[in-house]
Amino acid sequence: MSKKDDRTGSVSRRTLIKMGIVTGIAVPIPALSQPPNRMRPQLGDFIIFDEGPNLGEMVRPEMLELNQQPVSALAKDPETDTVRDGSRLNRVMITRIDPNKLTERYRDNTADGIIAYSAICTHTGCDVINWDRAQLRMACPCHESQFDIYDGGTVVGGPAPRPLAMLPLEIIDGFVSVAASFRGRVGFTQQF
Amino acid sequence: MLSLIKKVVLGSGILFWVVTSFAQSLPPYNPVTQERLLNPEESNWLMYRGTYDSHGYSTLDQINTENVDELEMAWSFSTGLREGHQAPPIVNDGYMYVSTPQNHIIALNARTGDLIWRYVRFLPDDLQQLHPTNRGVALYEDRVYLATVDAYLVSLDALTGDVIWEQAVEDYYDGYYMTMAPLIADGKVMVGVSGGELGIRGFVAAYDAFSGEQAWKTYTIPAPGEPGSESWPGDSWQTGGVPVWVTGSYDPELNLSYWGTGNGGPWMGDTRPGDNLYATSVVALDVSTGELKAHHQYHWNDSWDWDEVSAPLLIDFQRNGQPVNGMIHPGRNGYLWFLERNADSIGFVDANPYVYQDVFTSLDPVTGRPEYDMTKKPGTGYEATFCPSLWGGKDWPPAAFSPKRRLLYIPANDNVCSIMIGEEIEYRPGRQFVGRGPSENGGFMIRPGTNHIGELQAWNVDTGERVWTATFPDQNWGPVLATAGDLVFMGGTNDRYFRAFNANTGDVLWEQRVNSGVNGVPVSYTLDGKQYIAVQAGWGVDAEREQNLLNLVRGESHRVPQGGTIWVFTLSD
């Protein structure tokens with residue numbers, strides 16, 4: 001996995017843009033290009049398991065059981081087989097839900113009951129890997145933030161200020177794939 | 001009046017503001033020499049705990065038991081930030097430096113509260129902050145030093161805030177981060193790394209204060225073949241944690257720095273059978289070379305997340321009529337440890353529980369090595385209940401020592417326990433590497449039949465006996481300041497009070513309710529002969545986590561407001 005992504009030391013894409021805006025200095029376009037594995041999930045990417053017994057396999061809806069603990073997943077470019085693992089911000093947690101119980105406005109973002117949220121907490125950027133089985137909530141192990149998977153990742157506990165970003169999905173040839181870019185901002189927002 | 005604000009973007013994505021009109025009203029900056037660090041004036045607070053011995057003690061006595069009830073606010077300053085404000089205001093002849101969460105440094109006129117400059121670090125978008133805080137800056141010569149949450153060490157001009165250099169200490173993407181105030185001695189800036197929950201291999205590293213070049217780096221987990229490596233099975237040493245995230249103490253006569261070390265990783269001890277040196281220990285590092293000269297492990301094969309990262313207070317005490325060149329550590333494991341420091345060894349003197357502790361069944365009278373009730377030791381697939389909780393009898397908030405009264409003041413938490421079970425986990429770089437499974441009520445439990453949690457305890461270091469205890473209904477996350485005015489200052493409670501206690505009795509003599517819970521380290525200083533008490537309020541991090549769990553087990557929804565404010569108090573004229 002490439003490790004030099006959004007960090008301070010290598011000057012991130014976002015920082016470069018900010019520098020250009022603040023200083024008025026033109027930022028060279030090549031500096032903004034991203035290797036494909038660092039790009040966020042793209043339209044048409046397939047979703048693959050990032051952990052567990054099916055690690056690396058493309059996700060089919062029947063591989064996930066209803067209301068089970070979300071599992072880590074990544075996007076994979078079907079043309080180049082590039083796994084977009086170059087940034088931790090690309091990681092999502094997927095599970096199967098009952099779409100009839102999902103808040104209506106989010107239903108178009110699911111496919112055959114499969115739903116995907118960003119794995120990155122909006123509080124301080126930790127991985128949201130815990131699961132409240134009783135209340136069907138994703139939970140952050142760092143500061144106890146909880147997110148309602150049936151209501152668009154809405155914050156229902158703890159200090160997180162925003163819902164988890166949602167990754168719209170669709171089914172292509174029986175496989176779960178990316179239908180659009182993230183809905184909502186991925187990750188935490190630095191205070192100034 | 002604010003006459004000029006400059007907003008500057010540096011190459012590494014850093015902003016700062018300079019307000020020049022206020023800087024002009026201040027005296028010339030007084031460089032912080034090694035001599036001054038060795039013998040700091042009582043008018044200043046030049047380092048994390050005031051002095052190298054980590055006493056957290058001010059010899060000032062203008063504010064005392066007779067007049068503390070006249071204490072009132074001199075000025076305050078809102079940081080504009082949320083999360084845990086834990087750093088002490090560092091004061092040098094009228095200049096005050098305060099670090100905050102998100103790695104800001106605020107330079108202020110200590111007399112008026114006017115802003116001089118502000119450093120703001122651009123943090124990378126993909127950073128994860130398990131502990132969104134910072135515990136202070138360090139001063140040396142005409143510079144300020146900050147250890148950052150993205151694992152850089154930054155050197156700034158104390159007068160202007162200009163960045164002079166910054167040095168990558170480690171790679172945050174692999175789980176390394178820093179929250180401690182650096183320790184500076186012998187021209188070296190020493191820092192340790194956090195990341196015990198992220199599969200790091202902990203270390204302390206030293207950098208030349210002027211050039212930023214690394215002078216030495218000493219791992220807290222030995223590599224294969226090194227002494228102690230036999231206590232780690234297989235490759236577990238590479239990802240075994242053992243962070244160092246609180247500033248060390250320094251004995252200039254021995255030229256040794258003393259650092260507390262954290263938990264092994266993953267949390268369950270059965271994933272790394274062995275003693276796991278030098279986890280949950282104090283290690284003595286030669287400041288010139290970094291050589292590990294001595295260690296004492298408080299408890300072996302940790303399975304409770306009992307980081308022992310608080311550095312021991314260097315206190316010479318009496319035992320059985322004999323003087324001991326000693327050091328004292330109120331352990332997260334709930335025992336109060338009295339040790340002896342020597343050039344090439346750390347001796348065990350004695351230890352006893354200072355909160356309810358149900359894990360240790362005995363201590364070896366010579367070595368201090370504990371034996372365990374193994375039913376209280378959680379493991380992979382084995383759930384155990386143990387006391388004190390994973391936050392221990394005392395977490396990071398520092399204790400203080402009054403040489404005048406021979407009393408050690410411990411900010412403690414009693415009567416809370418944890419329920420923990422381990423689950424298998426695979427190491428992935430930069431990801432959580434804890435291996436804790438779910439337990440009821442978040443694994444948090446209050447001991448039935450008890451009536452309080454938070455405590456401020458006073459212990460006579462020469463007799464080893466507790467003298468008094470002040471109690472609080474809920475948790476206490478308050479660092480402690482002791483003064484020659486026979487006062488002990490501490491906040492830390494969820495009712496947002498900052499208090500002054502009688503150092504001899506524990507009676508509350510003064511209290512002020514402030515904007516948020518006080519998790520900052522209090523300090524004292526003087527200007528023009530007038531004594532001030534300064535502290536940051538700003539609730540967050542583990543104090544807030546514990547509140548969430550208290551709410552869960554009690555069915556309550558008490559929330560402590562967040563937001564950082566620097567508060568400065570003095571006597572009314």
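First the proteins, then the strands, lettered A, B, ... as listed; each starts at 1. Heavy atoms only: backbone and side chains are in, while hydrogens, waters and symmetry mates are out.
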(request) Name the region of Gln102(B), side chain, backbone, both or neither, that has any atom closer than 4.5 Å to a heavy atom of chain A. (result) both
(request) Answer with side chain, backbone, both or neither: which region of Arg133(A) has an atom nearer than 4.5 Å to a non-hydrogen atom of chain B? (result) neither
(message) Just verifying a value: how many Å separate Arg428(B) CZ and Asp85(A) CG, rounded to the nearest 0.5 Å?
(response) 9.0 Å
(message) Using 0.5 Å steps for rounding, measure from the CG atom of Asp126(B) to the CZ atom of Arg38(A).
(response) 10.0 Å
(request) Work out which heavy atom in Asp125(B) is nearest to a heavy atom in Leu89(A); give both atom names and the distance. (result) O-CD2, 3.8 Å
(message) Quick check on the structure: residues of residues 112-129 of chain A within a heavy-atom distance below 4.5 Å of chain B, by number.
(response) His123(A), Thr124(A), Gly125(A), Cys126(A), Asp127(A), Ile129(A)
(message) Taking 4.5 Å as the heavy-atom cut-off, does anything in residues 72-84 of chain A contact chain B, and if so which residues?
(response) Ser72(A)
(message) Between the side chains of Arg431(B) and Asp50(A), is the shortest nitrogen-to-carboxylate-oxygen separation below 4.0 Å, so that they form an ion pair?
(response) yes
(message) Around atom CZ of Arg559(B), are there more than 12 heavy atoms from other residues, nucleotides or ligands closer than 6.0 Å?
(response) no
(message) Using heavy-atom distances under 4.5 Å, tell me whether Arg436(B) contacts chain A through its side chain, its backbone, both, or neither.
(response) neither
(request) Would you indicate whether Glu213(B), at its atom CD, is surrounded by more than 12 heavy atoms from other residues, nucleotides or ligands within a distance under 6.0 Å? (result) no
(message) To check you understand the geometry: which heavy-atom pair defines the closest contact between Pro132(B) and His143(A), and what is its length?
(response) CD-NE2, 3.5 Å
(request) Tell me, out of Gln128(B), Gln562(B), His131(B), His104(B), who's got the most heavy-atom pairs with chain A below 4.5 Å. (result) Gln128(B)
(message) Quick one, Asn103(B) with Gln190(A), criterion side chain to side chain contact (heavy atoms under 4.5 Å, CB included). Give me CA distance, side-chain angles, the key distance, then yes/no.
(response) CA-CA 10 Å; Asn103(B) 287 154; Gln190(A) 186 178 1; over 6 Å; no
(message) Any heavy-atom pair between the side chains of Glu197(B) and Cys142(A) that's under 4.5 Å?
(response) no
(request) Using a cut-off of 6.0 Å, state whether more than 12 heavy atoms not belonging to Gln68(A) lie near its atom CD. (result) yes
(request) Could you tell me whether Glu424(B) atom CD has more than 12 heavy atoms of other residues or ligands within 6.0 Å of it? (result) no
